[in-house]
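Below is one structure, written out as structure tokens; the observations come after it.
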Amino acid sequence: MALDWDTLSRTLRPENSPGFLLWQVANQWQRLQRSTLEPLGLTHVQFVLLAGLAWLSRKENDVTQARLAAFCKTDAMMTSQVVRSLEAGGFIARAPHPTDSRARQLRVTAKGAEVLNAAMPRVREADASFFGSLQESQNFVDQLRRLWSNGAKREP
């Protein structure tokens with residue numbers, strides 16, 4: 001059987017494949033985030049979970065690891081590993097949950113608030129630099145939100 005070169009070219013050429021382009025752009029953005037946060041001793045996922053915990057803590061009492069994972073839309077096992085690393089770094093504290101003996105209550109420590117306060121403007125600046133070449137950046141964000149919400153409907 002002969003290979004369908006036309007379909008292969010339309011599929012694999014980066015300028016023709018939105019999935020491939022998205023993957024490449026996401027990798028570029030992740031490298032930028034990594035270099036932005038590394039001097040602060042954070043990975044991007046640590047930043048996301050720390051910021052998510054800070055946000056939830058302002059709105060809710062007794063934030064658990066499961067609640068944090070659901071809010072940040074992260075895998076529960078990965079969240080558990082990252083929460084442990086954030087605790088080891090002194091950025092968060094875990095304590096027994098007041099009503100659920102199986103759960104642990106999470107809170108941002110003073111050190112965690114300090115590093116988060118330093119990280120947030122850096123992340124915003126990195127995003128502004130990375131996405132600044134887009135002429136209609138708000139339209140792009142709206143399009144990403146639509147993909148994000150539709151993707152949640154397709155998840156198993």
Side-chain angles (χ1 to χ4, degrees), residues 14 17-134 136-156:
S17 171
F20 186 81
L21 285 169
L22 180 62
W23 176 56
Q24 291 294 305
V25 169
N27 284 332
Q28 292 170 347
W29 176 81
Q30 287 174 347
R31 283 191 295 276
L32 176 62
Q33 291 300 325
R34 196 170 19 258
S35 68
T36 297
L37 292 166
E38 189 175 38
L40 299 174
L42 288 178
T43 66
H44 188 255
V45 71
Q46 287 173 328
F47 168 77
V48 168
L49 291 174
L50 186 59
L53 176 58
W55 180 263
L56 283 173
S57 296
R58 184 163 189 224
K59 305 284 184 184
E60 303 175 13
N61 294 324
D62 309 327
V63 178
T64 64
Q65 192 169 288
R67 175 67 181 116
L68 179 60
F71 178 75
C72 293
K73 296 183 178 15
T74 53
D75 175 75
M77 293 300 288
M78 184 270 299
T79 300
S80 174
Q81 293 172 342
V82 175
V83 162
R84 273 184 287 209
S85 71
L86 286 168
E87 182 182 33
F91 300 121
I92 68 167
R94 295 190 304 169
H97 192 276
T99 60
D100 184 349
S101 61
R102 298 167 298 148
R104 307 280 283 171
Q105 182 179 347
L106 307 176
R107 71 171 177 78
V108 177
T109 64
K111 182 179 179 182
E114 183 179 333
V115 77
L116 188 56
N117 285 336
M120 288 185 295
R122 290 176 181 222
V123 168
R124 287 182 57 92
E125 288 171 18
D127 277 352
S129 169
F130 188 84
F131 296 107
S133 65
L134 298 176
E136 295 184 35
S137 62
Q138 187 56 48
N139 186 41
F140 179 68
V141 171
D142 292 341
Q143 296 292 330
L144 287 174
R145 279 192 191 118
R146 187 174 358 187
L147 288 172
W148 179 57
S149 64
N150 287 340
K153 295 173 191 170
R154 289 188 297 271
E155 289 180 8

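Everything quoted here is computed from the prediction, not taken from an experiment. By convention here, the first residue in the shown sequence is residue 1.
Rounding to the nearest 0.5 Å gives a distance of 10.0 Å between CZ of R107 and CD of E87. Here OG1 of T74 is found 11.5 Å from CD of Q81. Values are rounded to the nearest 0.5 Å. Annotation: the span from D127 atom CG to Q33 atom CD amounts to 5.0 Å, rounded to 0.5 Å. To the nearest 0.5 angstrom, R124 atom CZ is 14.0 Å from S129 atom OG.
With T109 contributing its side chain and G90 its backbone, the two residues share a donor-acceptor pair below 3.5 Å.
When each of L37, V48, L42 is tested with V123 by the rule side chain to side chain contact (heavy atoms under 4.5 Å, CB included), just one qualifies, namely L37. Each of L86, L68, L56 was checked for a side chain to side chain contact (heavy atoms under 4.5 Å, CB included) with L106, and the lone residue meeting it is L68.
Listed here is the closest heavy atom pair of A113 and V108: N-CG1, 3.4 Å. Among all heavy-atom pairs drawn from T36 and P39, the shortest one is O-CD, 3.5 Å. Between T79 and A69, the shortest heavy-atom contact is OG1-CB, 3.5 Å. R94 approaches Q65 most closely through the heavy-atom pair NH1-OE1, 3.7 Å. The shortest non-hydrogen separation linking L40 to R122 is CD1-CD, 3.7 Å. The shortest heavy-atom contact between K111 and G89 is NZ-O, 2.8 Å.
Counting heavy atoms from C-beta on, the side chains of L53 and F71 never come closer than 4.5 Å. Taking the side chain as every heavy atom from C-beta outward, L32 and Q28 never approach each other to under 4.5 Å. Looking at heavy atoms from C-beta onward, P96 lies in side-chain contact with R104 at the 4.5 angstrom threshold. In this structure the side chain of E114 never reaches within 4.5 angstrom of the side chain of N117, judged on heavy atoms.
A donor atom on one side chain and an acceptor atom on the other are not found under 3.5 Å apart for R31 and S35.
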| task | List the steps, then state whether side-chain contact (heavy atoms from CB on, under 4.5 Å) holds for F47 with V115. | result | CA-CA 9 Å; F47 168 77; V115 77; over 6 Å; no
| request: Evaluate the criterion side chain to side chain donor-acceptor pair (under 3.5 Å) for residue pair R146 and Q143; output intermediate values, then yes/no. | output: CA-CA 5 Å; R146 187 174 358 187; Q143 296 292 330; 3.2 Å; yes
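In this pair, F131 and W29 present their aromatic rings tilted. The plane angle is within the 30 to 60° band.
Within 6.0 Å of CD in E60 there are more than 12 heavy atoms belonging to other residues, nucleotides or ligands.
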